[in-house]
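Just so you know, ligand 1 is whichever comes first in the structure, and atom 1 is the first atom listed for that ligand. Hydrogens, waters and symmetry mates play no part in the numbers below; they use all other heavy atoms, side chains included. In this text, all values refer to a predicted model and were calculated from it rather than measured experimentally.
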Amino acid sequence: MEPKERSTDKAAQEMIAHMAEAGQQNVWDRLEAQSPQCGFGKQGICCRICTMGPCRISKKAQVGVCGADADTIVARNFLRAVAAGTSAHSDHGRAVAEVFLATARGEAPDYQFKDTIKLYKVAEDLGVKTKDRSVKEIAEDIGKTALAEFGKPEGEQLMVRRAPQPRQEIWKKLGITPRAIDREVVEALHRTTMGVDQDYKNIIMHASRTALADGWGGSMLATELQDILFGTPYPGRGEVNLGVLKKDEVNIIVHGHEPILSEMIVAASGDKDLLAEAEKVGAKGINVAGICCTANELLMRHGVPIAGNFLSQELAIATGAVELMAVDVQCVMQGLAEVAKCFHTKLITTADKAKIIGVKHVPMEEKTALNTAKELVKTAIENYSNRGQVNIPDEKEKAVMGFSYESISYILGGKFRASYRPLNDNIINGRIRGITGIVGCTNPKVLQDYTHTTLAKELIKRDVLVLTTGCATIACAKQGLMNPKEALELAGPGLREVCEAIGMPPVLACGSCVDNSRLLIACTEIVREGGLGEDISELPAAGVCLESISEKAIAIGQYFVASGMLVVFGKEFLPVSGSQNVCDYLFSGIEKDLGGRWALESDPVKAAEIILQHIESKRDALGINKKTERKLYDMADRRALSIE
Ligand code: NFS
Ligand code: SF4
C-alpha cells in the first residue's frame, strides 16, 4: 500500500515511505499481515467467556453451547468493552486522586495546587466544607472523597449532581445512577460471565450505568483534579506534527495519558544544570514533545509541542531524532519496542502497571517524581551523541488549544461576566446551528486523519461549532483547523461572524479523552444558561467518533448516549452488527429511554448530514427555527459580545 493510502498527513507519509525503504515494520504493515480479520469478531458474535466455548454464531449454530443467542453475546461484548474503557479512564482518575491526596498531605513535594479557584468549586460539588479551613485541609478532604468515589460501599457518584435535574430524574427512574466506579465495573464483569444476565436490554442498561460512572465519575474526577493540580487550561499557542522535533536539540517524547509523569519531565527539561549538560554534548537545548492524550494535556497547559497522534508514535522514533520516549499507560503500542531497536532511541516505561518485555522500566513515584524525571532527561542527554542518521519531516502547523468549559465561558463573556449567554443567543438566533463534539482515535484501517478533518470542515462550513478531544484534536490541528486564521476561512458565514467577534476559532480543542467530561459540563452549562430546553437531550448537539481503536471510545459513546446525545460512530468500529435486536435498541429504542442514541456511518460527509439533520430537528423542537431575517452585527450585538 502506498503511503498516501495510509495517511493524509504529509509528515506521516514521508516517514511511512522511509520506514518501508529501511525494511522496518509499523502498524500498517502489521494490519496487512493480520488481514483478513475475523468476521465473527467484527460482528461481535464470538464468545470466549467460558470453556464450553469458544462459540460463534452462524447459520448452522445459532446459539452457543450454553444456549446464549446472538443478542446476548453481542450485548455482553458491548458491556465488556464499556467496562474496560471505564476502567482505563477511571484508573487514570484514581492515580490522579492519589497524587492529589499525597500533595495535600505534603507527601508529594514536587506537585502543587495550581488552581485554587477550582479547588473551592470542586470542594462544593463533592460536599467538602470550606469555611474557615486552609487549602491543605480542604484539599485533603477532596482527595479522600474523590478516592472514595471509586470504591465506596454505598451511595451514588457525587458529580452526577452536576447534571441537569431532568437528566438526573431519568437516571433515577431507570435505576442507572452510577454507584462506586469499581462496583459498576465489577458488576459488569459479573453480569457478563456465563449464565448470568441474558437479557440484552438489561445488559445494555448496565452499560449505561457503567459508562455514566466513567463520564460523570472517573473521567470527570481525572479532569477536575488535574486542573487543580496542573492548572485549568486556557487557550494558548503551540505547534503540531513531526516537524516539531529539533535537529540540534535533545528530543524527548512523552507518550501516554497521565500528566503526573509528563508534567515532571517538562519541569525537569527546564533545569539549568541539565540544560548546561545538554550544551556540553553539543545540543542547543532540550525539546519535549507529546504523543496521544498526554500531548493534548501538555500543549493546553504549557504550550509544549505535539509530535503526533496515535498512529504517529512509531513514525516519531523512525525520524532517528528521538533520544528518549517515556511512556506511561494506554495506547502505547508494543510495536514501539521493535522500532526503537532500529534506532538509538531509549524507550522507557514508567508505570508499574504497564511494562513491556525488553524495555527498561523506571518507576515514577510521587515522592521522588521530579528526581526521576531529571534522571530520564539525563539519560536522554547522554544518548544524544549516539544518534545516527536523522530524518525529520518539515511539516508542522500552528494551533491554538486549551478550551476548558471555564475558558470558553471566559472568552464568551469576558473576565467580569464570564458566561455562556453569547453562545446560547447565537445558537438561538441561528448564526450557529448547533455544536458537535468530534472525538476519538486514529485507526490504521482508515486513512489517517481523513475522517476527523473532513467532518470538521464539513460541519464548520455549515455553521456548526466543533469541539474536539483526543487524537481527533491532533488530527485537526495537524491540518490547520486549530489555526484560527486558516480555519475561519473554512467556516460558514454565521459561525465565522460570531467567532471573529468573540475572537475564537471555529474548532475548539478541549483536551484529552478523559476531558470529554468537559463536553458534558459545557452542555450542562448551555442548558443552565437558558433558552435551549431543560435537558442535554434537547440541545442541538451531537457527539461523533468516526475513527476509534480503543474500548475507551465505546465507553465515551455510551455515556454521551446515556446523557441524552446522538453519537455517530464509524461503522467498522462498533462490533454489534451480529444482533439485529441490539442494533435496533442502540440505534433507536434506547432514545425513548435515555433521549440519546447511536448511529453508524463511516463516510464523514454523510455523517455530517446525519448530524445536521439531528441538529435541525432539535432546533425545530425547541421552536428556534422560525425564519428570522439575517442581519450583520449591529452595535448592540457587538457590545453584547465585546471582551473586557
Ligand atoms: Ni483516546 Fe488517548 Fe488517542 Fe484514542 Fe488513545 S490516545 S484516551 S483512546 S488513540 S484518542
Ligand atoms: Fe459459548 Fe455460552 Fe460459554 Fe459463551 S458463555 S463461550 S456462548 S458456552
Protein heavy-atom partner closest to [atom] - residue, atom, separation in Å:
atom                    : value
atom 1 (Fe) of ligand 2 : Cys55 SG, 2.2 Å
atom 4 (Fe) of ligand 1 : Cys441 SG, 2.3 Å
atom 7 (S) of ligand 1  : His257 NE2, 2.9 Å
atom 5 (S) of ligand 2  : Met194 CG, 3.3 Å
atom 5 (Fe) of ligand 1 : Cys331 SG, 2.3 Å

Exercise for review: Apply side-chain contact (heavy atoms from CB on, under 4.5 Å) to Val327 and Leu347, showing your working.
Suggested key: CA-CA 8 Å; Val327 302; Leu347 180 65; 4.1 Å; yes

Quick check: closest heavy atoms across [X] and [Y], and the distance to 0.1 Å?
X      : Y      : value
Leu546 : Phe573 : O-CE1, 3.2 Å
Ala354 : Asp328 : CB-O, 3.4 Å
Ala12  : Gln448 : CB-OE1, 3.4 Å

Name the option, out of [options], that contains the heavy atom nearest to [atom].
atom                    : options                    : answer
atom 3 (Fe) of ligand 1 : Ala555, Cys513, Cys471     : Cys471
atom 4 (Fe) of ligand 2 : Cys47, Cys46, Ala61        : Cys47
atom 3 (Fe) of ligand 2 : Gly53, Cys50, Ala68, Gly64 : Cys50

**Study point:** Flag side-chain contact, heavy atom, 4.5 Å: Thr192 against Asp197
**Key:**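 Counting from C-beta outward, Thr192 and Asp197 never come under 4.5 Å.
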
Check your understanding: Is there side-chain contact between Trp216 and Gln157, with at least one heavy-atom pair below 4.5 Å?
Key ->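 No, their side chains stay 4.5 Å or more apart.
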
Numbered atoms of ligand 2 (with element) below 4.0 Å of [X], judged on heavy atoms:
X     : result
Met52 : 8 (S)
Cys66 : 2 (Fe), 5 (S), 7 (S), 8 (S)
Arg76 : 4 (Fe), 5 (S)

Practice item. Report yes or no: do Ser517 and Thr223 form a side-chain donor-acceptor pair below 3.5 Å? Key: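 Short answer, yes.
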
**Study point:** Any donor-acceptor N or O pair under 3.5 Å, side chains Glu338, Gln25
**Key:**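 No, Gln25 and Glu338 have no side-chain donor paired with an acceptor closer than 3.5 Å.
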
Point to revise | Non-neighbouring partners of Arg56 that pass salt bridge (charged side-chain N to carboxylate O under 4.0 Å, His left out), sequence neighbours left out | key: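 Per chain and number, Arg56 pairs via salt bridge (charged side-chain N to carboxylate O under 4.0 Å, His left out) with no residue.
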
Practice item. May I ask whether Asn309 has any heavy atom positioned less than 4.0 angstrom from an atom of ligand 1? Key: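 Distance cut 4.0 Å: Asn309 fails for ligand 1.
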
Ligand 1 atoms in contact with [X] (distance to a heavy atom under 4.0 Å):
X      : value
Ile549 : 9 (S)
Gly440 : 10 (S)
Phe310 : 9 (S)

Point to revise | Donor-acceptor under 3.5 Å (Gln330 side chain, Ala88 main chain) | key: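 Yes.
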
Check your understanding: So, does Thr72 use its side chain to make a donor-acceptor pair with the main chain of Ala68 at under 3.5 Å?
Key ->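 Looks like no, no N/O pair under 3.5 Å.
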
Review point. Is atom 1 (Ni) of ligand 1 under 2.8 Å from any N, O or S atom of Cys292?
Key: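 Within the cut-off used here (under 2.8 Å), Cys292 places no N, O or S atom near atom 1 (Ni) of ligand 1.
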
Practice item. Determine whether the side chain, the backbone, both or neither of Cys293 has a heavy atom under 4.0 Å from any heavy atom of ligand 1. Key: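 Both backbone and side chain.
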
